[in-house]
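Here's the structure we're looking at; comments come further down.
All figures in this text were calculated on a predicted structure; none of them were measured in a lab.
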Amino acid sequence: QVQLVESGGGLVQAGGSLRLSCAASGRTFSSYAMGWFRQAPGKEREFVVAISWSGISTDYADSVKGRFTISRDNANNTMYLQMNSLKPEDTAVYYCAAAGRGYTGSHPGDYDYWGQGTQVTVSS
């Protein structure tokens with residue numbers, strides 16, 4: 001069982017930066033692949049980025065490549081999402097997720113556990 005808690009969301013102007021954190025409970029965090037998804041009002045949940053259990057492999061959605069960076073600290077059971085050059089279209093609730101299989105996936109069904117989400121709003 002893994003419990004996930006996101007933090008770091010907020011309101012930022014276009015071009016600005018935010019750093020999201022996802023704190024995980026449980027001693028098996030290091031064996032899980034982790035991912036970030038987002039959901040804007042009226043839209044489906046979409047994949048943003050994922051990282052393998054080791055942190056060696058990452059997978060980014062085309063819309064965030066070059067702007068967002070995922071990382072993880074297995075010693076402290078935490079995952080991060082550094083978001084730079086934010087755009088109004090990045091506005092959404094951001095969710096972190098954990099996949100017991102250990103390798104990355106881009107579909108919500110690939111993940112076993114979800115956080116409650118944190119709101120990111122980018123003003124123009």
Side-chain angles (χ1 to χ4, degrees):
Q1 189 83 11
V2 176
Q3 294 184 324
L4 305 172
V5 179
E6 303 95 336
S7 61
L11 173 64
V12 64
Q13 289 188 333
S17 298
L18 282 174
R19 189 192 195 201
L20 305 184
S21 298
C22 174
S25 65
R27 293 176 292 178
T28 58
F29 172 78
S30 61
S31 67
Y32 284 79
M34 300 294 295
W36 288 97
F37 287 75
R38 65 187 182 187
Q39 188 166 18
K43 294 187 177 182
E44 293 186 352
R45 191 167 298 190
E46 68 169 350
F47 171 74
V48 177
V49 60
I51 188 167
S52 63
W53 69 272
S54 65
I56 293 175
S57 177
T58 58
D59 183 21
Y60 290 85
D62 289 342
S63 59
V64 306
K65 280 182 182 176
R67 301 188 298 123
F68 290 12
T69 303
I70 191 172
S71 61
R72 67 187 296 163
D73 180 351
N74 285 345
N76 291 298
N77 285 10
T78 306
M79 174 179 67
Y80 304 98
L81 181 63
Q82 178 66 43
M83 305 187 294
N84 299 329
S85 303
L86 283 161
K87 305 175 182 180
E89 52 263 44
D90 294 318
T91 295
V93 176
Y94 282 70
Y95 298 90
C96 69
R101 67 185 196 179
Y103 55 94
T104 61
S106 61
H107 301 284
D110 294 331
Y111 294 82
D112 305 297
Y113 302 102
W114 293 84
Q116 294 300 305
T118 185
Q119 176 71 48
V120 171
T121 303
V122 184
S123 63
S124 58

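- Within the structure, ring pair (Phe, Tyr, Trp, His ring centres under 6.0 Å) pairs that include any residue of residues 44-99 comprise F37-F47 (at least two apart or interchain).
- To the nearest 0.5 Å, atoms OG (S30) and CG (N77) are separated by 7.5 Å.
- What you find for R101 and D112 is that their closest heavy atoms are N-OD2, 4.5 Å.
- For the pair V64 and V48, the tightest heavy-atom approach, listed with the atom from each and the gap, is CG2-O, 3.6 Å.
- Between D73 atom CG and M79 atom CE the span is 12.5 Å, to the nearest 0.5 Å.
- R38 is listed as a side-chain neighbour of S63, based on a closest heavy-atom distance under 4.5 Å.
- The structure places OG of S124 at 9.5 Å from CD of Q13, a figure rounded to the nearest 0.5 Å.
- Closest approach of A92 and Q119 over heavy atoms only: O-NE2, 3.4 Å.
- Proximity of V2 to T28: side-chain heavy atoms (C-beta onward) are separated by under 4.5 Å at one or more points.
- Taking the side chain as every heavy atom from C-beta outward, L4 and W114 never approach each other to under 4.5 Å.
- Panel note: side chain Y32, backbone Y111; no donor-acceptor pair is recorded below 3.5 Å.
- Checking L20, V93, T91 one by one against V120, the side-chain contact (heavy atoms from CB on, under 4.5 Å) holds for a single residue, L20.
- Here the shortest heavy-atom pairing between R67 and L86 reads NH1-CA, 3.9 Å.
- With E6 contributing its side chain and Q116 its backbone, the two residues share a donor-acceptor pair below 3.5 Å.
- Note that OG1 of T69 and CD1 of I51 are 10.0 Å apart. Values are rounded to the nearest 0.5 Å.
- Residue S17 comes nearest to S85 through the heavy atom pair OG-N, 4.4 Å, listed as atom of the first residue, atom of the second, then distance.
- The residues D90 and K87 are annotated as not salt-bridged, no charged nitrogen and carboxylate oxygen being separated by less than 4.0 angstrom.
- The minimum heavy-atom distance linking S21 with T78 is given by the pair CB-CG2, 4.4 Å.
- The closest donor-acceptor contact from the side chain of S25 to the backbone of Q3 lies under 3.5 Å.
- Proximity of V12 to M83: side-chain heavy atoms (C-beta onward) are nowhere separated by under 4.5 Å.
- The backbone N or O of G55 lies less than 3.5 Å from no partner atom in the side chain of R72, so there is not a single donor-acceptor pair.
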